[in-house]
Amino acid sequence: MAESKDIDMNGDDLPLTMGQPLSDFLLQLEDYVPTVPDAVTAHYLNTSGFEAKDPRLLRLISIAAQKFISDIANDALQHCKMRSSNSSTSHNKNAKGIKDRRHCLTMEDLTPALAEFGITVKKPQYYV
């Protein structure tokens, strides 16, 4: 396996250690502001019995939560697009205005997207 090299201030080649990318990532976490605020992440971690002392750990968990939420939202969008394209082709052969259509997140699209991640959602009795 080839070893990566870095150049120091004197122009000498320095071998990169295995932990160098990780420490670079941790330095980037200090300045990054995730979509899920640190206070929200800390609250949910505290309610589950975990207390994070390092703010970089909070940000790392916030980034993981942000990725999880965006994956679910993206899957729900794909379900919405498939459902709308199936309904438009079966009802109307002219699909001219579909490109300008805005999408709305509905439980009909969110439920199968969540099911792919092992989360079961059921409608309450009074909606059935």
Side-chain angles (χ1 to χ4, degrees):
M1 185 160 127
E3 191 172 298
S4 300
K5 299 224 180 215
D6 198 8
I7 299 175
D8 69 354
M9 299 298 273
N10 297 331
D12 298 331
D13 288 340
L14 296 175
L16 286 177
T17 62
M18 294 298 281
Q20 188 64 34
L22 180 61
S23 47
D24 290 344
F25 178 68
L26 289 174
L27 285 174
Q28 291 174 354
L29 276 179
E30 290 177 3
D31 297 331
Y32 183 75
V33 179
T35 303
V36 180
D38 291 341
V40 173
T41 305
H43 170 74
Y44 283 107
L45 286 175
N46 287 336
T47 57
S48 66
F50 183 79
E51 186 176 341
K53 304 258 188 233
D54 191 359
R56 295 176 299 181
L57 182 61
L58 281 176
R59 289 200 183 105
L60 183 63
I61 294 170
S62 294
I63 290 171
Q66 179 179 335
K67 170 80 168 94
F68 182 68
I69 293 167
S70 79
D71 285 349
I72 290 172
N74 188 31
D75 287 351
L77 176 64
Q78 298 308 315
H79 284 282
C80 178
K81 286 180 178 179
M82 285 190 301
R83 187 175 46 85
S84 65
S85 69
N86 287 342
S87 66
S88 68
T89 55
S90 64
H91 293 302
N92 187 4
K93 297 294 181 192
N94 186 7
K96 211 161 81 171
I98 290 179
K99 284 192 176 188
D100 295 335
R101 182 167 185 240
R102 291 183 183 253
H103 299 284
C104 181
L105 179 64
T106 62
M107 287 303 292
E108 187 177 350
D109 301 320
L110 189 59
T111 301
L114 287 170
E116 291 176 13
F117 289 91
I119 301 170
T120 305
V121 178
K122 294 181 181 177
K123 287 185 180 179
Q125 290 284 336
Y126 51 88
Y127 284 119
V128 175

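Numbers here simply count residues along the sequence, with the first being 1. Bear in mind that the values here come from a model prediction, so they are computed numbers and not experimental data.
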**Q** Might you point out which heavy atoms bring P34 and I63 nearest each other, and give the distance in Å?
**A**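 Between these two residues, the closest heavy atoms are CB-CG1, 4.4 Å.
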**Q** Got a second to check how far I69's CD1 is from N74's CG, nearest 0.5 Å?
**A**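 Going from CD1 on I69 over to CG on N74, the span is 13.5 Å.
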**Q** Would the distance check show the side chain of S48 and the main-chain N or O of L45 forming a donor-acceptor pair, the cut-off being under 3.5 Å?
**A**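 Confirmed, S48 side chain pairs with L45 backbone.
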**Q** Partners of S70 by side chain to side chain contact (heavy atoms under 4.5 Å, CB included), sequence neighbours excluded?
**A**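 Scan of S70 (side chain to side chain contact (heavy atoms under 4.5 Å, CB included), adjacent residues dropped) gives none.
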**Q** For I72 and A113, which heavy atoms make the closest approach, and how far apart are they?
**A**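 Where I72 meets A113 most closely, the heavy atoms are O-CB, 3.8 Å.
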**Q** Using residues 26-33 as the side-chain source, report each donor-acceptor pair under 3.5 Å to any protein atom, sequence neighbours left out, with the distance given to one decimal.
**A**
none

**Q** Could you work out, with side-chain hydrogen bond (donor to acceptor under 3.5 Å, both in side chains) as the rule, every residue matching D109, not counting sequence neighbours?
**A**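 Scan of D109 (side-chain hydrogen bond (donor to acceptor under 3.5 Å, both in side chains), adjacent residues dropped) gives R83, T106.
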**Q** If a pair satisfies salt bridge (charged side-chain N to carboxylate O under 4.0 Å, His left out) and one of its residues is in residues 63-73, list it, with sequence neighbours excluded.
**A**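 Qualifying pairs, neighbours excluded: K67-D71.
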**Q** May I ask you to list the residues sharing a hydrophobic cluster with M82, side-chain cutoff 4.5 Å, ordered by chain and number?
**A**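 Besides M82, the cluster holds no residue at all.
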**Q** Return the set of residues passing side chain to side chain contact (heavy atoms under 4.5 Å, CB included) with L105 (not counting sequence neighbours), or none when no residue passes.
**A**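 With sequence neighbours excluded, L105 shows a side chain to side chain contact (heavy atoms under 4.5 Å, CB included) to A76, L110, given in chain and number order.
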**Q** Enumerate the ring pair (Phe, Tyr, Trp, His ring centres under 6.0 Å) contacts for residues 41-82, please, sequence neighbours excluded, ordered by first and then second residue.
**A**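 For residues 41-82: F68-F117.
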**Q** Test: side-chain hydrogen bond (donor to acceptor under 3.5 Å, both in side chains). Region: residues 49-63. Which pairs qualify, not counting sequence neighbours?
**A**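 Listed once each, the pairs are D38-R59, T41-S62, E51-K53, D54-R56.
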